[in-house]
2 protein chains.
Amino acid sequence: MVSNGLSRGRVLEAGVALADEQGLAAVTMRGVAARLGVEAMSLYHHLPGKKDELLDGLVDVVAAQIHAGLADRPDGDDWRFDVRSRCLVARDVVLGHPWLPGLLGSRAQIRPGIYQLYDGVLGAMVRGGCTYRLAHRAMHALGSMVLGFTPELFSPEAGDEDASADALEAMARTLPHITAMVAAELHDPADPTLGWCDSQTEFEFTLDLLLDGLERRRLAEDASLRP
Amino acid sequence: MVSNGLSRGRVLEAGVALADEQGLAAVTMRGVAARLGVEAMSLYHHLPGKKDELLDGLVDVVAAQIHAGLADRPDGDDWRFDVRSRCLVARDVVLGHPWLPGLLGSRAQIRPGIYQLYDGVLGAMVRGGCTYRLAHRAMHALGSMVLGFTPELFSPEAGDEDASADALEAMARTLPHITAMVAAELHDPADPTLGWCDSQTEFEFTLDLLLDGLERRRLAEDASLRP
DNA sequence: ACCTGAACACCGTTCAAGT
DNA sequence: ACCTGAACACCGTTCAAGT
């Protein structure tokens with residue numbers, strides 16, 4: 001036969017299955033190839049970016065599964081319900097691929113599919129009346145819960161310095177809320193303590209959010225024990 | 001000379017420095033050895049557990065740094081202040097070793113030094129009047145924020161099935177609050193929906209904690225904009 | 001005891017060669 | 001175009017050998 005039926009999609013599918021069954025360490029070029037009944041070197045034809053592209057592809061596959069799960073999910077009139085259901089869908093998918101958080105943490109670049117997930121949450125919050133700053137902080141808190149990490153949206157790597165006008169337009173099209181958020185925060189000198197993705201401030205904000213909520217639950221438990 | 005001055009401590013120190021400078025991928029037996037001016041095979045004498053022991057040792061070094069930072073930190077009369085300062089110290093140390101969360105996520109067993117950190121937070125919360133159940137949920141929420149993960153305390157691996165009476169006694173001594181929490185939750189049939197570390201319930205609890213807190217912040221912002 | 005050199009089975013990747 | 005075999009520089013690890 002002229003072709004083996006090998007394709008980028010089949011290779012990534014095999015990589016995900018291998019990671020699910022034997023962990024990320026088992027995902028080697030030779031291992032994935034063997035699962036497809038093929039030589040390791042054959043993979044390079046379908047993954048010009050080499051193993052980096054394989055690993056990025058694993059992230060893309062999981063991100064696509066999350067997006068598929070989000071598709072048949074109705075938007076409610078309560079932003080909390082909406083964000084909550086998005087997080088639950090994402091978590092449900094990630095539970096089936098427990099290697100994902102570790103993989104995400106080890107990758108240099110964040111994949112577009114992951115950015116799109118954050119963009120959706122951001123949109124739901126802003127529609128619900130949240131400011132971009134509040135939504136930004138929520139992203140960090142929720143991201144670390146669901147995916148085990150949160151990308152620094154403002155870091156130099158996120159928006160490459162050589163970003164062309166075309167690239168910016170494309171970003172505004174696929175990530176409208178992230179784009180708007182960046183614009184809003186760049187032009188908002190209201191709170192100089194926050195500044196440019198001040199991650200320490202973000203961290204303390206989320207920490208206090210949790211501590212305040214826990215104290216409120218503690219007081220409620222106290223009250224119900226001593227009526 | 002009869003000895004090279006090589007020791008477990010010096011090997012781990014070199015491993016941490018290498019990880020800090022070039023990332024976790026650079027931490028190879030040969031790489032660490034080269035940094036010490038020695039052959040890779042020499043390391044095995046000081047790390048009988050091989051590379052696994054090296055990686056566990058990196059975790060231990062960072063955990064020790066956090067414990068050192070916690071030592072000169074006064075306990076306040078507000079549990080939130082106490083927990084907050086513990087989290088900030090831990091985060092401060094982890095920022096200097098950004099490879100730690102990924103490493104923790106990839107390790108099978110959780111190190112005693114990490115358990116001790118959780119035990120300290122647990123103790124502060126219980127002293128402040130929190131129930132063990134609430135403190136348990138807080139641990140998951142805070143753990144994923146600071147270390148990027150939270151161990152399943154009740155999983156079979158955590159308390160090995162062949163745990164001897166001696167081992168249990170040692171655990172009760174070094175991890176008094178975790179031991180008490182496990183005991184309390186095992187003998188508390190009050191809430192059958194939670195059960196044995198029901199991680200889905202834990203997740204939804206934390207999620208709602210965040211969403212409720214965000215909604216409260218949103219309403220506060222709204223009120224301040226329209227006085 | 002502490003350290004080493006040679007060797008083995010792996011890994012990612014290149015390159016020239018097959019069809 | 002799609003796939004392969006041989007080869008290279010790495011990796012963790014073993015083992016027999018040095019001191």
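In this text the structure is predicted, and so the values were computed from the model without any measurement. To find a chain, count down the sequence lines: A is the first, B the second, and so on, and within it residues start at 1.
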Spacing of B/Glu39 atom CD relative to C/dA7 atom C1', expressed in whole Å: 15 Å

Separation of atom CG in A/Leu47 from atom C1' in D/dC2, rounded to whole Å: 14 Å

Heavy-atom side-chain proximity of B/Leu207 to A/Leu88 below 4.5 angstrom: yes

Whole angstrom value for the distance that separates P of D/dC11 from CG of B/Leu54: 13 Å

CG of A/Leu43 versus P of C/dC11: gap in Å, rounded? 12 Å

Respond yes when some side-chain nitrogen or oxygen of A/Ser42 is under 4.0 Å from OP1 or OP2 of D/dC2, and no when none is. no

Can you list the residues that meet the side-chain contact (heavy atoms from CB on, under 4.5 Å) rule with B/Asp208, with sequence neighbours excluded? A/Arg84, A/Arg217, B/Leu211

Value rounded to 0.5 Å, distance of CG in A/Leu122 from CG in A/Leu175: 10.0 Å

Mind checking what makes ring pair (Phe, Tyr, Trp, His ring centres under 6.0 Å) contact with A/His97, not counting sequence neighbours? A/Trp99

When you compare the side chain of B/Leu103 with that of B/Val62, does any pair of heavy atoms fall below 4.5 Å? no

Proximal nucleotide (of C/dA1, D/dA1, C/dT4) relative to the B/His45 side chain: C/dA1

D/dC3 phosphate, OP1 or OP2: any side-chain N/O from A/His46 under 4.0 angstrom? yes

Where protein sits on nucleotides 12-19 of chain C, one letter per nucleotide: B base, S sugar-phosphate only, - none, heavy atoms under 4.0 Å: BBB-----

Which pairs count as side-chain hydrogen bond (donor to acceptor under 3.5 Å, both in side chains) when at least one residue sits in residues 24-42 of chain B, sequence neighbours excluded? B/Glu21-B/Arg35

Interatomic spacing from CG in B/Leu214 to CZ in A/Phe205 - rounded to 0.5 Å: 5.5 Å

Not counting sequence neighbours, which residues clear side-chain hydrogen bond (donor to acceptor under 3.5 Å, both in side chains) with B/Glu53? List them please. B/Arg8

All stems that DNA chain C takes part in, i.e. 3 or more consecutive Watson-Crick or G-U pairs with distances under 3.5 Å, are C:4-8 with D:12-16, C:12-16 with D:4-8

